[in-house]
Amino acid sequence: MNVKLQPPASAYFITKETESAERRTLSVLVDNEPGVLARVIGLFSGRGYNIESLTVSETEHEKHLSRITIVTSGPPHVLEQIRHQLERIVPVHRVVDLNLTALSKGHDKPIERELALVKVAGTGEKRVEALRLCEAFRGTVIDANTEHFIFEITGRVSKIEQFIAIMAPLGLIEVCRTGVVALSRGAEGMLE
Amino acid sequence: MAEKNGRREAGARQMTGAEMVVQALIDNGVTDIFGYPGGAVLPIYDEIFQQETVRHILVRHEQGAGHMAEGYARSTGRCGVMLVTSGPGATNAVTPLQDALMDSIPLVCIAGQVPTSVIGSDAFQECDTVGVTRPCTKHNWLVRHVDELSEVMHEAFRIATTGRPGPVLVDIPKDIQFATGTYIPPSAARRRTSYQPATRSRADTVREAIELLRNAKKPVIYSGGGVINSGLEASHLLREFVQITDFPITSTLMGLGAYPASGERWLGMLGMHGTYEANMAMHDCDVMLCVGARFDDRITGRLDAFSPHSRKIHVDIDPSSINKIVHVDVPIIGDCGHVLEDMVRLWRAGSADKSRLKPWLEQIDSWKARNCLAYTPNDDVIMPQYAIQRLYELTKDRKTFITTEVGQHQMWAAQFYGFEEPNRWMTSGGLGTMGYGLPAAVGVAAAHPDALVVDIAGDASVQMTMQEISTAIQYDLPVKIFILNNHYMGMVRQWQQLLHGNRLSHSYSEALPDFVKMAEAFGATGIHCAKPDDLDDAITQMIETPGPVIFDCEVANLANCFPMIPSGKAHNEMLLPDEASDDAVSKAIDREGAQLV
Ligand SMILES: Cc1ncc(C[n+]2csc(CCOP(=O)(O)OP(=O)(O)O)c2C)c(N)n1
Ligand SMILES: [Mg+2]
């Protein structure tokens, strides 16, 4: 077999992807029922779509509605497919591409935030430096003893990434992140 | 009390879960189900025993139940229903569920589950059925409380049959079948608001499509299974549209019969084993109207060379089908029937100069003159194409339903049997499931007791679900299994000849059973025929013999199926039979193409 050729993929007639990938944040409103997350995730794994981040929680308790925020990437035609395929899932009420909504309103992006808990251990200079940086990043200390801190830090993904990178040489032990939550700017909700 | 399907619906009342299942079947108009018992569905079987409204057909393997329900559904336009037990019963249902998903067949599968209290403990015959079937159903449910059960059942029928039809599964733990709760009839059942399939299309897109078509000089209609799914009226409207526009029309494998094969503008099937004229028309057209089809890879051939000069209109009920494979210029989301109705009306309201089509129709006639389905007749051995032609001639004046297995015989059936009506042709298109045809035929026969039902089979495929002949015997369902016996997995061999240096790895059907004796062992009639001169009499005998018949038709072993678009090639690069010399065949698929199949 000629190794230089593309290996066979799921499609039989492989055409080279010419469009470049874009990153998108999707907001998906679903009935909060057993299996709904498995349906969404199964769609992404089964059809070979990317998930960069996924968050989910019930947001309207009376109506049992959850909002799933998915950050994905792909060429535009794949992104369109992802949206339509999500809409086919029976418990899905609505799928909104927040990036497209933002563009249509003249903004460049939706509002996106992530929260991270960052555990750092150390003493002396390094410990002081870690605390000082936490303040500079507007983080808060939520647990500490003489050997460690747990910082809570919120912000855009890039800010979280940056903070974690800075903590690495200062005694970073572990990190837990929520993934991205997002809303579009302006007065309207996703159902409008 | 509301009326549904001419039957009085029960009002809200107390009953057991098992009773609810049967009541919901009745209230949703079900008269026949296909199933197989086991520990986790015994309460439901007990209820089935105590009533006569729903007929239960006992199969021999749950896969058979699923394909029977599919054949039943496809031939009637109604929903098919299967009933299986937990664990192995449910896992055996996976193949027909995926088959129905790929071909958009409405199918409700009811599965028993171990009692709620032991779910998750690896109990005897436990299986995460909703987990296993999630990707191969349109939707599925694990019922957690008896009071949900009736509404879930009604919702199951609604979701299976509306929008783009498909399979659904309801998993019912045994304790819920025993528990007593409130039965809610369909008319009072709540419907989930998140599921709202499209029906009516936007008028402006239809108008835009009609404008394009009115100015087209080289139009072609490419129709698919969606037209059949939409109902008889859609096929009538499609015929009317062809008649008023004079547009040539081709169809996918799934769409055969929507437009009659004897129709003046019929081009034959398109795609990998489609006709030269259909594929050339697709390649050269200036406007393509795709209605109820989905640009499957067996249809398009090489994508970057697919119909390069055309504006494309795509009518589909499923928005995710639009722009999935091929970019279209005018997407129309809606039920084919409704859209065709609008198109016919709009077309009639304007005018078009039919003479503008003359050069295009002449071009098509010249392609037709290539006679792409020609084969070399033989006096000594039965050519498989000839067998289908004779079968067609001897059955065309009856109400005949044809099912198939998967392989060369399936493609020859599609090429050489002339389908005049929708819902008469049942084949596994999307999944390509060997073993589909025999049980599908049994399901068709259950729905149409007076019709002639023939499974055009292959010697290998038929062995996959052979045991369902026993079901046919038990219920006196006179299916005719017409085996084109070439002693090979012919389609596999054809690809090995094209792609793998003629190394016929494991594609020879060694140790074939004696099909005549096998028929007799089941209590059916066996017929053997190996001579072209005997064929007509033998087929007549098959038709006239009451009860199930297995017809062992020995055909030319090494015949191959042409025309063919080799993998990785475009529509205008097809291999025609007269060009299919050994040399051309061996060079047909280059190294790059070989990776793609
Ligand atoms: C369940 C299943 N397994 C394997 C295949 C791959 N396959 C496609 S056609 C074919 C051979 C079919 O042989 P036969 O039924 O004799 O038909 P013929 O091509 O000879 O007409 C095989 C193995 C399939 N389609 N389905
Ligand atoms: Mg064979």
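Here is how names work: the chains are called A, B, and so on, in the same order as the sequence lines, proteins then strands, and each is numbered from 1.
- No side-chain donor-acceptor contact under 3.5 Å links A:Glu80 to the backbone of B:Asn323.
- Salt-bridge formation is not detected for the pair A:Glu33/B:Arg144: no Lys NZ or Arg NE/NH1/NH2 atom is positioned less than 4.0 Å from an Asp or Glu carboxylate oxygen.
- Here B:Ile322 contributes atom CD1 and A:Gln81 contributes atom CD; the two are 10.0 Å apart, rounded to the nearest 0.5 Å.
- Side-chain atoms of B:Ser194 come within 3.5 Å of backbone N or O of A:Val90 as a donor-acceptor pair.
- To the nearest 0.5 Å, atom NE2 of residue B:His327 and atom NE2 of residue A:His77 are 12.0 Å apart.
- Applying the side-chain contact (heavy atoms from CB on, under 4.5 Å) test between A:Arg88 and each of B:Pro319, B:Pro197, B:Ser320 identifies B:Ser320 as the sole match.
- Going from atom CD1 of A:Ile89 over to atom NZ of B:Lys138 covers 13.0 Å, rounded to the nearest 0.5 Å.
- Between chain B and the residues A:Leu43, A:Val78, A:Val92, the most heavy-atom pairs under 4.5 angstrom are made by A:Val92.
- The parts of A:Gln85 that come within reach of chain B are both its backbone and its side chain, each placing non-hydrogen atoms under 4.5 angstrom from that chain.
- Considering CZ of A:Arg39 and OG1 of B:Thr137, their distance stands at 6.5 Å, rounded to 0.5 Å.
- Across every non-hydrogen atom of A:Asp31 and B:Arg192, the tightest pair is OD2-NH2, 2.8 Å.
- Heavy atoms of other residues, nucleotides or ligands lying less than 6.0 angstrom from NZ of A:Lys109 number 12 at most.
- Contacts of B:Asn140 with chain A are made by both backbone and side-chain atoms, with heavy-atom separations under 4.5 Å.
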